[in-house]
Each structure stands twice: as structure tokens, then as C-alpha cells.
Amino acid sequence: QVQLVESGGGLVQPGGSLRLSCAASGSIFRINAMGWYRQAPGKQRGLVAALTYGGSTNYTDSVKGRFTISRDNAKNTVYLQMNSLKPEDTAVYYCNYRTYDRNWFSVDYWGKGTLVTVSS
């Protein structure tokens with residue numbers, strides 16, 4: 001129903017910046033939220049940042065002050081601006097699209113991921 005395409009990953013040196021983009025297409029849900037998760041080798045997938053329905057933001061503690069999530073509602077696109085990158089940020093980053101029904105039952109859709117490597 002929903003297709004997500006991420007872009008913007010790559011290799012960057014510590015202290016550098018990257019901007020990830022995720023475009024959603026297909027079925028459009030009136031009530032939805034978008035966000036970014038990441039998974040490093042040997043670790044669970046975890047939240048990086050999210051925009052909740054209503055426009056509030058959530059960030060994992062390790063990226064607060066460095067990453068910024070934003071959304072272009074007209075384009076159904078979410079962005080993640082990543083500054084002051086650290087080697088610990090190296091991971092596959094996944095775009096998340098969460099839909100809600102009238103009972104607030106949620107369903108998650110995931111992109112295929114884009115690799116971010118922070119290394120000197």
C-alpha cells in the first residue's frame with residue numbers, strides 16, 4: 001500500500017554532515033507519522049528520530065542536538081539532517097511510515113534502508 005524510498009546515505013568523515021530523504025508513495029493515509037530508525041551490526045533496530053502526528057518530534061538521546069527531522073507534507077517526504085557525525089552513527093538507516101485507523105491502531109511500513117558510514 002505504501003512504498004518508501006530512501007536516499008542520501010554514503011561515506012562521511014567524523015564531524016561531517018549528511019541529509020537523508022525518504023519519499024512515500026502509493027496509498028495516502030490521512031493520519032500518519034514518519035520517522036527514521038537505524039540498525040548497526042549486532043544491534044537491534046532503534047529509533048533515531050520521528051515526527052508524530054501533530055508535528056511533535058522525538059529523538060533518541062544520542063542524536064539530540066546533532067540531528068534534525070523535518071517533513072514536507074505536500075511531497076510526503078521526510079528528511080533527516082545529520083550534523084557532527086560520529087563513528088557510532090554508522091548504521092543502515094530505515095525510513096518508517098506509520099499509519100493509524102480511527103481506533104489509533106497503527107501499522108508500520110519500512111523502506112529498504114540506506115547505509116551511512118562514518119569513518120576517517
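Note that the structure is predicted; figures quoted are calculated from it, not measured.
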Would you give the length of the straight line joining atom [atom1] of [X] to atom [atom2] of [Y], rounded to the nearest 0.5 angstrom?
X   : Y    : atom1 : atom2 : value
N96 : L4   : CG    : CG    : 8.0 Å
T68 : Y79  : OG1   : OH    : 14.5 Å
N32 : S106 : CG    : OG    : 12.0 Å
R19 : M82  : CZ    : CE    : 11.5 Å
N76 : S25  : CG    : OG    : 9.0 Å
F67 : L20  : CZ    : CG    : 8.5 Å

Measure from the side-chain N and O atoms of [X] to the backbone N and O of [Y], and report whether any donor-acceptor pair falls under 3.5 Å.
X    : Y    : value
T90  : T117 : no
N103 : F105 : no
R66  : S84  : yes
Y59  : I69  : yes

Check whether L80 and V92 end up in the same hydrophobic cluster, where Ile, Leu, Val, Met, Phe, Trp and Tyr are linked by side-chain heavy atoms less than 4.5 Å apart.
no
Could you verify whether a donor N or O on one side chain and an acceptor N or O on the other, from [X] and [Y], lie under 3.5 Å apart?
X   : Y   : value
R38 : Y93 : yes
S17 : N83 : yes
Y94 : E6  : no

Quick one: closest heavy-atom pair of [X] and [Y], and the distance?
X   : Y    : value
A33 : L51  : CB-O, 3.1 Å
T60 : L47  : CB-O, 3.2 Å
P14 : S120 : CD-N, 3.7 Å
V2  : A24  : CG1-CB, 4.4 Å

When you look at K86 and D89, which way does the salt bridge (charged side-chain N to carboxylate O under 4.0 Å, His left out) test go after all the steps?
CA-CA 5 Å; K86 304 175 181 179; D89 297 317; over 6 Å; no
Residues 94-105 vs salt bridge (charged side-chain N to carboxylate O under 4.0 Å, His left out), sequence neighbours excluded, gives R98-D108
Please tell me if the side chains of M34 and R71 come closer than 4.5 Å, counting only heavy atoms from C-beta onward.
yes
W110: which of Y37, Y97, W36 passes ring-ring contact (aromatic ring centres under 6.0 Å, His included):
Y37
